Amino acid sequence: MEIFVVIGVIALLAIFIVAQYNRLVRLNISVDEAFAQIEVQLKRRADLIPNLVETVKGYATHEQATFDAVVAARAKATSATGVADVAAADGMLTQALRGLLAVAEAYPDLKASTNFLALQEELSTTENKVAFARQFYNDNVRALNEAVATIPSSLFAGLAKVSARPFYEVEDPQSREVPKVNF
Amino acid sequence: MTSNFRSAQGANKRKTYFLLAAMALLTWLVAYSALTYFGAGTTSFVLPLAVGIALVGVWGSYYGSDKLVLTMTGARVIKREDNPELFNLIEEVVIASGLPMPKVAIVQDSAPNAFATGRNPEHALIAFTTRILEVMDRDELQGVIAHEMSHVANRDTLVSAVAATTAGAIAILSDFLTRMMWFGGGRDRRDSNQNPLLLVVSLLIMILAPIAAMLLRSAISRRRESLADATAVSFTRNPAGLRRALETLAADSTVVRQRSNAVAHIWIESPLDGKSVSKLFSTHPPIEERIETLRAMESLGPQQ
């Protein structure tokens, strides 16, 4: 009789450990997936930029400084690796793009062109997708970090080789100063 | 009242569990009454039969919900090329929610409305009336899409199928039993000396149970709508978008042309005339109440 009790307890314990282990590993994988999604959307945005710059150039020829800033920020963003670097480059590019769109405001012909309107829709949806991908990543990181820090799952973090991951933090470009544009 | 979307989600989930438990209790009560009134022989035959009929009836419409609802509402599935801007918006919410991309459909209708269906996130379908795409701006439409994707995320087709099965089984059971009573048949223990009070109570339960089940079913539907509003905010972190969308819906008095009761619960705004249904039987919470809840979330400021 006792033997069954012992076996039962061991079996329950094993199920518990496996469940905790799997949960941590799963959370860790979903953070990886969420980060991959951010990179996909950043790549999409980077791919849109040459086209956008060319279109704006066609109408606004004297804004070389703004174009250079965008191109430089794009180059940095495409070569960044690791959460902190990617986040920093992402923030810079967002900023540069805002500058570019601000320039476009001054050219009514450009604003009216269908090509620019289509690009603007693409760019604004991509900006939203980037923002949502960041949010989704941070939600996943929050879930993982919570599991790593709280009992009982925290007891198995070492076993599962899972540790807390960094949040994806971009300085809010809205709160920064509006880029100075010379007309 | 002031609650952020996380506590709103938690509260609505708890209430759903409570209501589903009440449903189970009600089923048990009806079965017990049948047992008291008719005895074990009849009950053990009638109960599985009623549950079986309800299961068969609901299972088909649950499993094929994405296709069935298309036929019932006259929705037409569209591709990305047909409306790239709508697809852009849906893709944004898909990324925010981490769900797979649903099928998208359009209903030709002059009332602004939308719905979601499908047995699981992999078979999800969200549909919009042509009118809602005309009247709503980007933020509002994003709120509506997030509400519909929340139904997908919260598996509301499953929840409503479970509620419909239980309510259906109770209705069928009660129908059987009351008929048997009129024809005097089926009582195994007619002459046994049972407490007459118990018999009367059993009788009352059998007669009133279908109405109680309907009320519970509507209450579950209302909870799921509130939950979807809260989940939508967790996706977009923008309660103002959905709030303004609901205000637009509230201001618009046209209702979706086909007023089938069978699919009323799936729309974002109830397509049935608000005044003809009492609040207790309504599948949706009053729209003013939903707007107030979202406004309270807005007042909390940007949420992380």
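Below, chains carry the letters A, B, ... as their sequence lines are ordered, and counting in each starts from 1. What you are looking at is a predicted structure, and each value in this text was computed from that prediction instead of being measured.
For B:Lys103, the NZ atom counts as densely surrounded, since its 6.0 Å shell holds more than 12 non-hydrogen atoms of other residues, nucleotides or ligands. In A:Ile7, the CD1 atom is crowded: over 12 heavy atoms of neighbouring residues, nucleotides or ligands sit closer than 6.0 Å.
Scored by the side chain to side chain contact (heavy atoms under 4.5 Å, CB included) test, A:Asp68 finds A:Gln64 as partners (sequence neighbours excluded).
Looking at every heavy atom in both residues, B:Phe235 comes nearest to A:Phe132 through O-CE2, 3.4 Å.
Residues from residues 9-40 of chain A that place a non-hydrogen atom less than 4.5 Å from a non-hydrogen atom of chain B comprise A:Gln37, given in numerical order.
The structure places CD of B:Glu91 at 12.0 Å from CG of A:Asn128, a figure rounded to the nearest 0.5 Å. Interatomic distance, A:Glu121 CD to B:Arg138 CZ, rounded to the nearest 0.5 Å: 4.5 Å.
Of the atoms belonging to B:Glu85, heavy atoms from both backbone and side chain fall under 4.5 Å from chain A.
Residues A:Gln135 and B:Ile95 fail the side-chain proximity criterion, which asks for heavy atoms closer than 4.5 Å.
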